[in-house]
Amino acid sequence: MYKGTNASAGIGIGKAAIVEEAELIIEQKAVVSVEAEVERFRKALEKTVSETERLAKELAENVGEKEAEIMQGHMMLLMDPMLTGEIESSVKNSSVCAEYAIEQVCNMYADVFAGMDSEMMQQRATDMRDIKTRMQRVLLGIETVDIASLPQGTILVAKDLTPSMTAGINPKNIVGIVTELGGKTSHSAILARAMEIPAVVAVTGFLKDVKDGDEVIVDGSTGNVYVNPDAATAAEYAGRRDQYLKEKEELQQYIGKPSVTKDGVHLEVVANIGKPEDVEKVLEYDGEGVGLFRTEFLFMDRSAMPTEDEQYEAYKTVAERLAGKPVIIRTLDIGGDKEIPYMGLTKDENPFLGYRAIRLCLDRKDDIYRPQLRALLRASAYGNIRIMIPMVTCIDEIREAKALIEETKAELDRKGIPYNKDIQVGIMVETAAASLMADVFAKEVDFFSIGTNDLTQYTMSCDRSNERISYLYSTFNPAVLRSIQRIISCANEAGIMVGMCGEAASDPMMIPLLIAFGLNEFSMSASAILQSRRIICNSSREELQAVAEKAMSFATTKEVEDYMREFVKSQA
Ligand code: PEP
Ligand code: MG
């Protein structure tokens, strides 16, 4: 058995497909027969060309002619006699293996292209590196898995999944995910939860022990993973999977029920989404709105920025489908672990402390922020849209963003375009600075939403995706709890709505504390809504005061967690 971090609940049983995107290690190996090596290269080239042809065809059919053009460009490079001739000469002249000759020749061309001013030539450099690795993969016998076309019953196994790779997953076919890296709040884990795919992350050394086609069990609730289990284990987990699905079924009775505590406090249980299509799950699980629309997902997995109109359509679709229920849309939060290649961002030394979210948007008003704000305001005519600003650290950012919203409103007025004149503007409270300034910021905005994923990271000075220090990364750390309690009470005092859209909002051990602190809105993966509503309906805010008081009296994370675990058990 392997142990990792439980990242998305449920049990998945299926066959492993290894997605290897790690950098290849190319060594300079001498060859005995240069003729045989040239022949080996020619065969690999032929295979790469035919794979590229297939990819181009598939892309043209499934995505569009434009995307297929990239692959046609790759074909031209692969069939360029100068390039292939040089690779062959390199093998012959230096008696080196084909992988190494390819590495040398392609890198040389790529560097030349990269040094040119024209953007088109720089793109050529990327293409050159791409065909280089594809040829080398063929030579080394490493298949590149096309995630979108993996068969039903697949357990996806990877070193790490980038957000855009995860976005390409077909949830009908992938029954589980195992990665060597990542943490509970890495974006791939968040997406796995959104797609309700059982996932275990941070399983150290897993890739060296598992092969394509191995039978794998993923227990996303405990973090256990089995490879080729014995019959007894397989039967036990098949039973557990059925039990899990049955419990899920029982939660259905909370559909249509209001989220009201036993002592009559009305709360809201809403959903986090990344794409307009996620709204269907929100409706299926009876979410009372959307507490966080991560708009960066509209910008990922594509080759150019979505236009204002494309964004407008996406926001409008969500607002209309939710028919008047609140839809909190967060303006672009990229940077950090969320990279978008076509935006031309340089890599920060410390991405989480760098050029990210509102910092980036205020620096790129014309091409990024204004079009997004216009799209949001235009869409606000069709539902209950609220605008949320991410990663705020100082009041100037709030004021500048609000001024820009006002300017955009005036522009729409001049053009006679309708929008909601009373649109609410709020902020994510997810930095230590925002928490400390919560009393001041509360007077400046219409609502707060606590982003515990980042608040924990920035309070504990602990990278949210670094496994080695994950023992520090806990929302139950007394420092983080104090911060949360303070933010909520500042919002309560100012009379503004305060929600939470970080992962802690759906943690059964955290919900009782949040109710006691006075949180108004809980935003989470749609699949966690009913379970959270059940907890709320069975709780009394009054009675929870003593529990919160006790929890806040501890000095260590462990004491808080142990105490809350026991409390949750006692309620079962
Ligand atoms: C958070 O930081 O808690 C949050 C909800 O935002 P994200 O996970 O997208 O950074
Ligand atoms: Mg955040």
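All residue numbers refer to positions in the sequence shown, counting from 1. Both counts, for ligands and for their atoms, begin at 1 and track the order of listing.
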**Q.** Per-atom contacts, ligand 1 versus Arg294 - under 4.0 Å to a heavy atom
**A.**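 Under 4.0 Å from Arg294, ligand 1 has these atoms: 4 (C), 5 (C), 6 (O), 7 (P), 8 (O), 9 (O).
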(Q) Please determine whether the number of non-hydrogen atoms from other residues, nucleotides or ligands lying under 6.0 Å from atom NZ of Lys3 exceeds 12. (A)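 Atom NZ in Lys3 is packed in, count exceeds 12.
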Q | Cationic tip of Arg378 above Tyr312 ring, under 6.0 Å, 45° of axis | A |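 Judged by the rule, Arg378 and Tyr312 form a cation-pi pair.
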Q | Atom name, Asp454 (N, O or S, nearest to the Mg ion (ligand 2)) | A |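 Atom name of the closest N, O or S in Asp454: OD2.
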Q) Taking only heavy atoms of Leu292, which atoms of ligand 1 are found under 4.0 Å from at least one of them? A)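 Heavy-atom distances to Leu292 below 4.0 Å select 5 (C).
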Donor-acceptor pairs under 3.5 angstrom involving side-chain atoms of residues 489-499: please list them, not counting sequence neighbours.
residue: Ser489; atom: OG; partner: Arg486; partner atom: O; Å: 3.3
residue: Asn492; atom: ND2; partner: Gly518; partner atom: O; Å: 3.4

Q: Report yes if some heavy atom in the side chain of Ile385 is under 4.5 Å from a heavy atom in the side chain of Asn420; otherwise report no.
A: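 Ile385 vs Asn420: side chains apart.
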**Q.** For Asp454, atoms of ligand 1 separated by under 4.0 Å from a heavy atom
**A.**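 This gives 1 (C), 2 (O), 3 (O), 10 (O) as the contact atoms.
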Q: State the atoms of ligand 1, each with its element, that fall below the 4.0 Å cut-off from a heavy-atom position in Cys501.
A: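 Checking each atom against Cys501, I get 5 (C).
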(Q) Within the 4.0 Å heavy-atom shell around Glu430, which atoms of ligand 1 are there? (A)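 That gives atoms 1 (C), 2 (O), 6 (O) of ligand 1.
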Q: Return yes when at least one N/O/S atom of Asp333 is nearer than 2.8 Å to the Mg ion (ligand 2), and no when none is.
A: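 Within the cut-off used here (under 2.8 Å), Asp333 places no N, O or S atom near the Mg ion (ligand 2).
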Q.
For N/O/S atoms only: which one belongs to Glu430 and is nearest the Mg ion (ligand 2)?
A.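 The nearest such atom is OE1.
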Q. Closer than 4.0 angstrom: is that true for some heavy atom of Met428 and an atom of ligand 1?
A.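 Per 4.0 Å heavy-atom rule, Met428 contacts ligand 1.
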Q: Output the list of atoms in ligand 1 that are nearer than 4.0 Å to some heavy atom of Arg464, sorted by atom number.
A: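 The list of qualifying atoms is 2 (O), 7 (P), 8 (O), 10 (O).
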Q: Inspect the surroundings of NZ in Lys257 and state if more than 12 heavy atoms from other residues, nucleotides or ligands are less than 6.0 Å away.
A: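 Yes, NZ of Lys257 has more than 12 neighbouring heavy atoms, counting only those of other groups under 6.0 Å.
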Q. For ligand 1, which atoms sit closer than 4.0 Å to a heavy atom of Arg356?
A.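 Near Arg356, meaning under 4.0 Å from one of its heavy atoms, ligand 1 has 10 (O).
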Q.
Restricting to ring-ring contact (aromatic ring centres under 6.0 Å, His included), what partner residues turn up for Tyr2, sequence neighbours left out?
A.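 With neighbours one apart ignored, the set is Phe206.
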Q: Examine the proximity of ligand 1 to Arg330 and report which part, side chain or backbone, both or neither, has a heavy atom under 4.0 Å away.
A: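 Near ligand 1, Arg330 shows its side chain, while the N, CA, C and O stay back.
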Q | Donor-acceptor under 3.5 Å (Tyr458 side chain, Phe352 main chain) | A |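 It does hold such a pair.
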Q: Validate the cation-pi geometry between Lys316 and Tyr382: distance from NZ or CZ to the six-membered ring centre under 6.0 Å, angle to the ring axis within 45°.
A: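 Yes, a cation-pi geometry.
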